[in-house]
Visitor: 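Sharing a structure with you now.
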Amino acid sequence: MGFLDIKQATKSYGALQVLQETDISVEEGEFLVLVGPSGCGKSTLLNMIAGLEDITSGEIAIRGKSMNGVKPADRNIAMVFQSYALYPNMTVRGNISFGMEMHGIQKQEREKRIDQVSDLLQISHLLDRKPGQLSGGQRQRVAMGRALVREPDVFLFDEPLSNLDAKLRVDMRTEIKKLHQKLGTTIVYVTHDQIEALTLSTRIAVMFGGYVQQLGTPKEIYDNPANMFVAGFMGSPSMNLFPAKVVSGDGKPAAEIKLADGKTAAVPFAKDALASSIGRDIILGIRPEAITDKDGADRNSQAVHIVEAPVEVTEPAGSDTFVVSQIGGKDVTGRFRADVAVNAGDVFPFAFNMEKAVAFDPKTENRIA
């Protein structure tokens, strides 16, 4: 039993079931991120934990106590919204204090908590201002402060950074991570941004179509995606996915791939997991950082293989250059060093690190190796 237990929870609106049977157990102090595209059910699940949405079937429990039918105010949770939801006519101090006043906390204790949290979030100098006088990042800190002073069992974040500009989002990600490391609080965080999910979480639930597609650590999700949706959704740039055939190459299973110039190449797998699948069509998955220039390849890998392929496009990106070729009719992106001399139209040696390759079934889209 976890600190927060979601057991076979579902949500329906009439005949439409938007959240299928969901089982997630969150340990105390864990940072769980629910990530997925719009309409996948992640915000619905968060609202069910908060009590803002009724649960259709199943159970949600905190500290072993069922929350089914318990009002939001009685759940000892605190929520940080995308819109900040600050009272415009109150000062920062008043916004942070309001929830504590409603719960009958004495003034001396309220002031103590406000001082502690404002120091932690570096907003002490803003306490007498009103929300209209604050920047977006400052408002978000105030919203977080209002949640922190409650000292709840679980913090819920509903896409809290989506209204901020790109640089401020990165800065606030760092602040939220520092906060979690300092306080060891239990957090459930919703986002559609997979970079947020990978950088903030201790575990990720990747959602799509009302289902949890995969639940695991950031490393498990990134390195060992359960299916093609997870592989394509997590990572930026996303994992390359292209058709291949399992063939025998020097006594080992290899991926036969079709290049843009009509040639084929057989790239041996690092493991023998597909030894019994010779002749089988697969979707090969390999991340851009595992396709690079020859000198930039992982020197610790025993499975780096060179494929001479035509270059379609080069995309300089400062510290890297992304190099695109066509394989199996799909654009495949490699991550090269910035100073590599490569141009569109070249036939160039791409170094494939097959220790990082995964294979999927084209029909089920589930991972097979």
Side-chain angles (χ1 to χ4, degrees), residues 1-6 24-34 45-52 60-68 70-87 90-128 131 137-161 172-190 200-203:
M1 182 181 290
F3 187 77
L4 165 65
D5 285 306
I6 301 163
I24 302 174
S25 184
V26 184
E27 297 302 323
E28 187 169 8
E30 196 168 9
F31 197 131
L32 175 73
V33 174
L34 308 176
L45 179 55
L46 192 80
N47 288 335
M48 288 163 61
I49 297 169
L52 302 175
I60 293 174
I62 299 174
R63 291 185 181 272
K65 180 184 175 183
S66 176
M67 293 291 110
N68 291 24
V70 177
K71 295 177 182 178
D74 298 328
R75 294 191 179 206
N76 198 26
I77 55 95
M79 196 160 182
V80 179
F81 296 92
Q82 177 180 344
S83 61
Y84 318 131
L86 301 176
Y87 297 106
M90 290 185 182
T91 63
V92 167
R93 186 187 300 277
N95 269 280
I96 295 174
S97 180
F98 185 74
M100 293 189 287
E101 290 180 45
M102 294 297 98
H103 283 79
I105 295 172
Q106 295 299 312
K107 183 176 180 180
Q108 186 176 354
E109 178 62 21
R110 292 201 307 266
E111 292 299 324
K112 178 184 170 185
R113 292 190 193 179
I114 290 169
D115 287 345
Q116 288 173 339
V117 166
S118 59
D119 283 345
L120 184 68
L121 295 172
Q122 299 175 14
I123 55 173
S124 298
H125 61 296
L126 305 175
L127 289 175
D128 295 321
Q138 289 170 334
R139 290 180 198 176
Q140 192 54 273
R141 286 172 188 267
V142 174
M144 288 166 58
R146 183 177 56 188
L148 285 170
V149 293
R150 291 273 312 281
E151 298 181 352
D153 289 330
V154 181
F155 289 94
L156 306 178
F157 286 80
D158 187 11
E159 303 208 39
L161 308 184
M172 287 302 295
R173 272 207 315 258
T174 303
E175 292 304 315
I176 291 172
K177 185 142 192 172
K178 283 181 184 175
L179 202 62
H180 180 252
Q181 289 170 346
K182 277 184 182 177
L183 302 178
T185 49
T186 306
I187 294 175
V188 181
Y189 185 108
V190 160
L200 286 173
S201 65
T202 55
R203 274 200 307 163

Visitor: How close do Arg110 and Ser97 get, counting heavy atoms only, and between which atoms?
Guide: NE-OG, 3.2 Å
Visitor: Atom CD in Glu175, atom CD in Gln122: separation rounded to 0.5 Å?
Guide: 6.0 Å
Visitor: Which distance, rounded to the nearest 0.5 Å, do you find between the CG of Leu32 and the CD1 of Ile187?
Guide: 10.5 Å
Visitor: Taking only residues two or more places apart in sequence, or in another chain, which ones meet Arg113 in a salt bridge (charged side-chain N to carboxylate O under 4.0 Å, His left out)?
Guide: Glu109, Glu151
Visitor: Would you call Leu183 and Leu120 a side-chain contact if the rule is heavy atoms closer than 4.5 Å?
Guide: yes
Visitor: When you look at Leu121 and Leu179, which way does the side chain to side chain contact (heavy atoms under 4.5 Å, CB included) test go after all the steps?
Guide: CA-CA 9 Å; Leu121 295 172; Leu179 202 62; 4.1 Å; yes
Visitor: Residues in salt bridge (charged side-chain N to carboxylate O under 4.0 Å, His left out) with Asp5, at least two apart?
Guide: none
Visitor: Rounded to the nearest 0.5 Å, what's the gap from OG1 on Thr185 to CZ on Phe155? Could you check?
Guide: 5.0 Å
Visitor: Who passes ring-ring contact (aromatic ring centres under 6.0 Å, His included) against Phe157, sequence neighbours left out?
Guide: Tyr189
Visitor: How many angstroms lie between CG in Leu200 and CD1 in Ile176, if you round to the nearest 0.5 Å?
Guide: 6.0 Å
Visitor: For residues Met90 and Pro131, report the shortest heavy-atom separation together with the two atoms involved.
Guide: O-CD, 3.1 Å
Visitor: Apply side chain to side chain contact (heavy atoms under 4.5 Å, CB included) to the pair Ile123 and Ile96, showing each step before the final yes or no.
Guide: CA-CA 11 Å; Ile123 55 173; Ile96 295 174; 4.0 Å; yes
Visitor: Would you say the side chain of Val154 lies within less than 4.5 Å of the side chain of Asn76, judging by non-hydrogen atoms?
Guide: no
Visitor: Return the set of residues passing side-chain hydrogen bond (donor to acceptor under 3.5 Å, both in side chains) with Thr174 (not counting sequence neighbours), or none when no residue passes.
Guide: none
Visitor: Within this structure, what is the CZ-CG distance for the pair Arg173 and Leu161, rounded to the nearest 0.5 Å?
Guide: 8.0 Å
Visitor: Starting at CE of Met100, measure out to NZ of Lys112 and round the result to the nearest 0.5 Å.
Guide: 12.0 Å
Visitor: Just jot down the side-chain hydrogen bond (donor to acceptor under 3.5 Å, both in side chains) partners of Asp128, sequence neighbours excluded, or say none.
Guide: none
Visitor: For Glu30, what residues pass the side-chain contact (heavy atoms from CB on, under 4.5 Å) criterion, not counting sequence neighbours?
Guide: Val26, Glu27, Thr202, Arg203
Visitor: Checking side chain to side chain contact (heavy atoms under 4.5 Å, CB included) for the pair Val188/Leu34: CA distance, chi angles, key distance, verdict?
Guide: CA-CA 7 Å; Val188 181; Leu34 308 176; 4.0 Å; yes
Visitor: Would you check if Leu45 and Ile24 make a side-chain contact, meaning some heavy-atom pair closer than 4.5 Å?
Guide: yes
Visitor: Where do Ile6 and Met48 land on the side chain to side chain contact (heavy atoms under 4.5 Å, CB included) test, with the steps shown first?
Guide: CA-CA 10 Å; Ile6 301 163; Met48 288 163 61; over 6 Å; no
Visitor: Please name all residues satisfying side-chain hydrogen bond (donor to acceptor under 3.5 Å, both in side chains) with Ser66, sequence neighbours left out, ordered by chain then number.
Guide: Glu59
Visitor: Considering residues at least two apart in sequence or located in another chain, which fulfil the ring-ring contact (aromatic ring centres under 6.0 Å, His included) criterion with Tyr87?
Guide: Phe98
Visitor: Is Val80 close to Gln140 at the side-chain level, that is, under 4.5 Å between some pair of heavy atoms?
Guide: yes
Visitor: Donor-acceptor pairs are to be reported for all side-chain atoms of residues 142-150 against protein atoms at under 3.5 Å, with residues two or more places apart or in another chain.
Guide:
unit_1 : atom_1 : unit_2 : atom_2 : d
Arg146 : NH1    : Ala85  : O      : 2.8
Arg146 : NH2    : Tyr84  : O      : 2.8
Arg146 : NH2    : Ala85  : O      : 3.2
Arg150 : NH2    : Ile77  : O      : 3.3

Visitor: Using salt bridge (charged side-chain N to carboxylate O under 4.0 Å, His left out) as the criterion, list what pairs up with Glu28, not counting sequence neighbours.
Guide: none
Visitor: Listed by chain and number, what are the salt bridge (charged side-chain N to carboxylate O under 4.0 Å, His left out) partners of Lys177, not counting sequence neighbours?
Guide: none
Visitor: Could I get the full list of side-chain hydrogen bond (donor to acceptor under 3.5 Å, both in side chains) partners for Glu111, not counting sequence neighbours?
Guide: Arg93
